[in-house]
> 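Below: one structure in structure tokens.
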2 protein chains.
Amino acid sequence: MQPDPLSSTFAALADPTRRAILARLALGETSVMELAAPFDMSLPAISKHLKVLEHAGLISRGREAQWRPCRIAPVAFKEVDGWLGNFRRFWDESFNRLDGLLEEMKADEAAKANTKAPPRSKRKVRVKKEKQGGRTRG
Amino acid sequence: MQPDPLSSTFAALADPTRRAILARLALGETSVMELAAPFDMSLPAISKHLKVLEHAGLISRGREAQWRPCRIAPVAFKEVDGWLGNFRRFWDESFNRLDGLLEEMKADEAAKANTKAPPRSKRKVRVKKEKQGGRTRG
DNA sequence: CGGTTAAATAACCTATAGGTTAAATACGGC
DNA sequence: GCCGTATTTAACCTATAGGTTATTTAACCG
């Protein structure tokens, strides 16, 4: 398993079985047995997949008698979304509009502070190095 | 390499070197040489990484004399974001508010159509079923 | 043409991901 | 305490991801 959390999360998501498991869990918490049912695969295999998902922070597991119910864990999803946010401007038009608006506002702010406004740059590009607290929606 | 596009994209993103390359490319198109510079790694290794990224639809490459400039390709990012969207309600509060609002509107719409409104479900959960093809070997 | 720079390919090595079967563990019920 | 059900662990196998060095292709330059 990878050292950094983002790598293990992406690696976990890179398997169709695991993504299908997550899709099932989006419907609600359930047992390993039920999760395994749709797949033509041994239980230990599913068990391993779940361990990978848990390690990646994509699911968490409870304990209820002999069952270990799994549910979606938000953390890792959030991190992925945050990382993706650094690239949103490359495909999301509405994001670009919003971004432009925000820049407009910042410029106005600056104009109020300085009588002599600084030159407006065409488009400020910034990519923080990997750590990025990320731009969440809203 | 994986059969389905989403898997290869996530797999491509599961490597810190490749994510760093993407971060660099977010600043703008550039050559393989410049992309390789920050890494303590041979050029063929970088070349392979780029091939993976290209295959995943995360970058595209041009041709300019002996250089093969790389740039971000939106498609794969978009797909990842789309998939992630199925889980957004698990972590994004503002999304939940928006979702609630939309449901409200739909309900109003329905109320206009039928004099007798259908029972309001608590929370409509929908998860598109993933392609889930392949699954070679057992 | 021959030399130089940019990048990709080939051949190879090693660690590990994803699957298997068989055995072990955890818990509830009688 | 023993049995059945749910789940994990152990031991193993095979394909492949990610790196290496050496070689090849492609384009420009004088």
Side-chain angles (χ1 to χ4, degrees), chain A residues 1-22 24-25 29-56 58-71, chain B residues 1-22 24-25 29-56 58-71 130 132-138:
Chain A
M1 279 143 193
Q2 317 258 29
D4 66 301
L6 215 37
S7 291
S8 13
T9 302
F10 277 125
L13 293 174
D15 183 289
T17 303
R18 287 195 288 261
R19 288 201 307 279
I21 288 176
L22 290 174
R24 169 60 191 81
L25 288 177
E29 179 169 327
T30 191
S31 71
V32 176
M33 275 305 208
E34 195 182 325
L35 285 174
F39 303 102
D40 182 20
M41 197 181 297
S42 71
L43 246 93
I46 299 293
S47 192
K48 280 193 192 181
H49 280 309
L50 292 175
K51 193 186 273 190
V52 171
L53 288 169
E54 186 179 24
H55 195 88
L58 288 161
I59 68 169
S60 71
R61 304 155 103 168
R63 213 162 255 238
E64 222 172 294
Q66 66 251 242
W67 296 275
R68 247 134 286 185
C70 303
R71 68 191 77 79
Chain B
M1 278 143 192
Q2 317 259 26
D4 66 300
L6 215 36
S7 291
S8 14
T9 302
F10 277 125
L13 293 174
D15 184 288
T17 303
R18 286 194 289 260
R19 288 201 307 281
I21 288 175
L22 290 174
R24 168 62 190 79
L25 288 178
E29 177 167 331
T30 192
S31 72
V32 176
M33 274 304 204
E34 194 182 324
L35 284 174
F39 303 102
D40 183 20
M41 196 181 297
S42 69
L43 248 94
I46 300 294
S47 192
K48 278 193 193 180
H49 281 307
L50 292 175
K51 193 187 271 187
V52 171
L53 288 169
E54 186 178 25
H55 194 89
L58 288 160
I59 68 169
S60 70
R61 305 155 104 167
R63 212 162 256 239
E64 219 171 297
Q66 63 249 245
W67 296 275
R68 246 134 286 185
C70 304
R71 67 190 78 80
E130 204 167 327
Q132 186 61 30
R135 184 153 323 287
T136 38
R137 157 87 173 121

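Atom set for the values below is all heavy atoms of this structure, side chains included, hydrogens, waters and symmetry mates excluded. If you're wondering where the values come from, they're calculated on a predicted model, not measured in any experiment. Sequence lines set the chain letters: A, B, ... in the order given, protein chains first and strands last, and positions in each chain run from 1.
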> When the distance from CD of A/Glu54 to P of D/dT7 is rounded to whole Å, what number comes out?
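Checked: the CD to P distance equals 13 Å.
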
> Measure across A/Leu50 and A/Ile59 and return the closest heavy-atom pair with its distance rounded to 0.1 Å.
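Minimum heavy-atom contact is O-CD1, 3.6 Å.
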
> Quick one: on DNA chain C, does A/Trp67 or A/Ala11 contact a more 5' nucleotide (nearest heavy atom)?
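Counting from the 5' end, the first nearest nucleotide belongs to A/Ala11.
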
> Rounded to the nearest angstrom, tell me the gap between atom CZ in B/Phe39 and atom C1' in C/dA7.
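One finds 17 Å between C1' of C/dA7 and CZ of B/Phe39, rounded.
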
> Hey, what are the protein-to-nucleotides 19-27 of chain D N/O distances that come in under 3.5 Å?
| residue | atom | partner | partner atom | Å |
| --- | --- | --- | --- | --- |
| D/dG19 | OP2 | B/His49 | NE2 | 2.2 |
| D/dG19 | N7 | B/Lys48 | NZ | 3.1 |
| D/dG19 | O6 | B/Lys48 | NZ | 2.2 |
| D/dT20 | OP2 | B/Ser42 | N | 3.0 |
| D/dT20 | OP2 | B/Ser42 | OG | 2.6 |

> Once you round it to whole Å, what is the distance between P of C/dA17 and CZ of B/Phe10?
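Result: 18 Å.
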
> Over how many whole Å does the gap from B/Leu50 atom CG to C/dA6 atom P extend?
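Atom-to-atom, B/Leu50 to C/dA6, this comes out as 15 Å.
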
> Which heavy-atom pair separates B/Ser7 from A/Pro16 by the least distance, and what is that distance?
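Scanning both residues completely, I find the closest heavy atoms to be OG-CD, 3.4 Å.
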
> What integer distance in Å separates B/Glu34:CD from C/dT5:C1'?
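Value for this atom pair: 16 Å.
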
> Take atom CD1 of B/Ile46 and atom P of C/dA6, then tell me their distance rounded to the nearest Å.
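So the two atoms are 15 Å apart, to the nearest Å.
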
> Rounded off to whole Å, could you give me the CD1-to-P distance for the B/Ile21 and C/dA7 pair?
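Answer to the nearest Å: 12 Å.
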
> Considering non-hydrogen atoms only, spot the tightest contact between B/Val52 and B/Ala12 and give its length.
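Nearest heavy atoms, B/Val52 then B/Ala12: CG1-CB, 3.8 Å.
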
> On a heavy-atom basis, which atom in B/Ala14 and which in A/Phe10 lie closest, and how many Å separate them?
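What the structure gives for the nearest pair is CA-CB, 3.6 Å.
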
> Check B/Arg63 against B/Pro69 and note the closest heavy-atom contact, atom names and distance.
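Looks like N-CD, 4.0 Å.
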
> Please name all residues satisfying side-chain hydrogen bond (donor to acceptor under 3.5 Å, both in side chains) with A/Ser47, sequence neighbours left out, ordered by chain then number.
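Partners of A/Ser47 by the side-chain hydrogen bond (donor to acceptor under 3.5 Å, both in side chains) criterion come out as none, since no residue qualifies.
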
